[in-house]
J.: 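My structure is below; once you've seen it, I'll send some questions.
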Amino acid sequence: MPYAVTHILLTIIAVDLYRDYAAKHRKYFTLNTVFIAGLAGLLPDADIPLTWFLNLILPGSVPLILTHGGITHTLFFGLIFLAPALYFWKNKKHKFAMYFFVTSFGVFLHIFLDYLLGGGMHGGIMFFWPLSTAGFKIHLLNNLGLNDVPQALDALILLAWLYHEEVKHKIKDFF
Ligand SMILES: [Zn+2]
């Protein structure tokens with residue numbers, strides 16, 4: 001399962017790269033947006049402390065969907081944040097809307113990474129819940145026996161991003 005740091009880093013980097021190279025409305029992205037994106041990248045795993053807490057008050061009778069890898073690891077959960085995003089966007093509260101757009105994005109990226117690398121439930125990610133409880137997974141790290149890799153992966157991702165930031169800022173200095 002990807003580490004918390006991997007989820008946070010990759011979401012922040014993806015949002016930062018989008019802002020730098022693709023966004024038509026860069027002014028709607030603030031430092032807060034990047035911070036919220038990082039939080040959202042980890043948000044689905046809030047079900048780990050939640051499971052722990054529910055087991056404490058309802059020992060042995062916690063519904064499966066509320067345990068780790070359940071409802072917070074579904075497309076449905078990510079889509080919830082699109083409603084306030086569209087509402088604020090329509091009402092010209094663009095910065096606020098962006099907070100919710102990046103939250104949706106962070107959740108989607110999280111469950112995709114869990115699907116790809118290893119995470120969610122043992123059966124994988126229930127992408128289509130509540131329509132179906134079928135689980136989907138590739139779980140690359142488990143299948144290739146690379147469970148020690150994520151730690152090294154974090155370091156490499158961080159270095160690559162720092163390099164990108166450095167090059168970009170140096171380039172900026174010439175203009
Ligand atoms: Zn997860």
Side-chain angles (χ1 to χ4, degrees), residues 1-19 29 31-85 98-162:
M1 145 180 174
Y3 285 107
V5 176
T6 319
H7 280 305
I8 296 173
L9 260 184
L10 282 177
T11 314
I12 286 179
I13 292 170
V15 168
D16 187 56
L17 290 178
Y18 176 79
R19 178 183 59 181
F29 286 84
L31 263 184
N32 289 340
T33 321
V34 175
F35 177 73
I36 288 170
L39 270 184
L42 194 59
L43 182 63
D45 282 349
D47 62 7
I48 295 174
L50 182 75
T51 304
W52 179 84
F53 177 72
L54 287 176
N55 270 319
L56 212 67
I57 55 171
L58 302 165
S61 54
V62 182
L64 192 66
I65 193 69
L66 291 181
T67 59
H68 177 52
I71 191 167
T72 59
H73 287 69
T74 61
L75 293 178
F76 176 83
F77 183 68
L79 286 172
I80 289 173
F81 300 96
L82 281 185
M98 206 53 86
Y99 295 158
F100 287 97
F101 277 125
V102 297
T103 303
S104 266
F105 172 74
V107 171
F108 290 142
L109 186 61
H110 181 111
I111 62 179
F112 175 73
L113 286 172
D114 277 1
Y115 160 73
L116 183 69
L117 298 177
M121 295 210 164
H122 294 300
I125 301 291
M126 291 185 280
F127 277 118
F128 301 110
W129 189 88
L131 300 176
S132 154
T133 53
F136 298 87
K137 62 177 174 181
I138 294 181
H139 286 188
L140 215 54
L141 295 178
N142 304 349
N143 289 337
L144 298 176
L146 298 176
N147 279 314
D148 294 333
V149 168
Q151 226 163 347
L153 204 64
D154 286 343
L156 288 177
I157 294 167
L158 186 55
L159 276 177
W161 188 44
L162 285 176

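Order of listing sets the numbers, starting from 1, for every ligand and every atom in it.
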J.: Taking backbone and side chain together, does His7 place any N/O/S atom at a distance below 2.8 Å from the Zn ion (ligand 1)?
T.: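 So His7 does not count as coordinating the Zn ion (ligand 1).
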
J.: Just by distance, no angles: are the side chains of His73 and His68 close enough, under 3.5 Å, to form a donor-acceptor pair?
T.: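 There is no such pair (donor and acceptor under 3.5 Å, judged by atom type) between the side chains of His73 and His68.
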
J.: State which residues pass salt bridge (charged side-chain N to carboxylate O under 4.0 Å, His left out) with Asp154; sequence neighbours excluded, sorted by chain then number.
T.: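 Applying salt bridge (charged side-chain N to carboxylate O under 4.0 Å, His left out) to Asp154 gives none.
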
J.: What do you get for the angle at the Zn ion (ligand 1) between OD2 on Asp114 and NE2 on His110, to the nearest 10 degrees?
T.: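 Roughly 90°, rounded to 10°.
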
J.: Taking 2.8 Å as the cut-off, does His68 contribute an N, O or S atom near the Zn ion (ligand 1), distance below it?
T.: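 Here the distance criterion (N, O or S atom, under 2.8 Å) is not met by His68, so no.
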
J.: Kindly assign one of parallel, tilted or perpendicular to the pair Phe112 and Tyr115, based on the angle between their ring planes and the thresholds 30° and 60°.
T.: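 Answer is tilted, since the angle falls between 30° and 60°.
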
J.: So, Asp45 and the Zn ion (ligand 1): N/O/S under 2.8 Å, yes or no?
T.: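 Short answer: yes, at least one N, O or S atom is under the cut-off.
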
J.: Which donor-acceptor pairs under 3.5 Å do side chains of residues 118-133 form with protein atoms, sequence neighbours excluded?
T.:
from	atom 1	to	atom 2	distance (Å)
Ser132	OG	Ala134	N	3.0

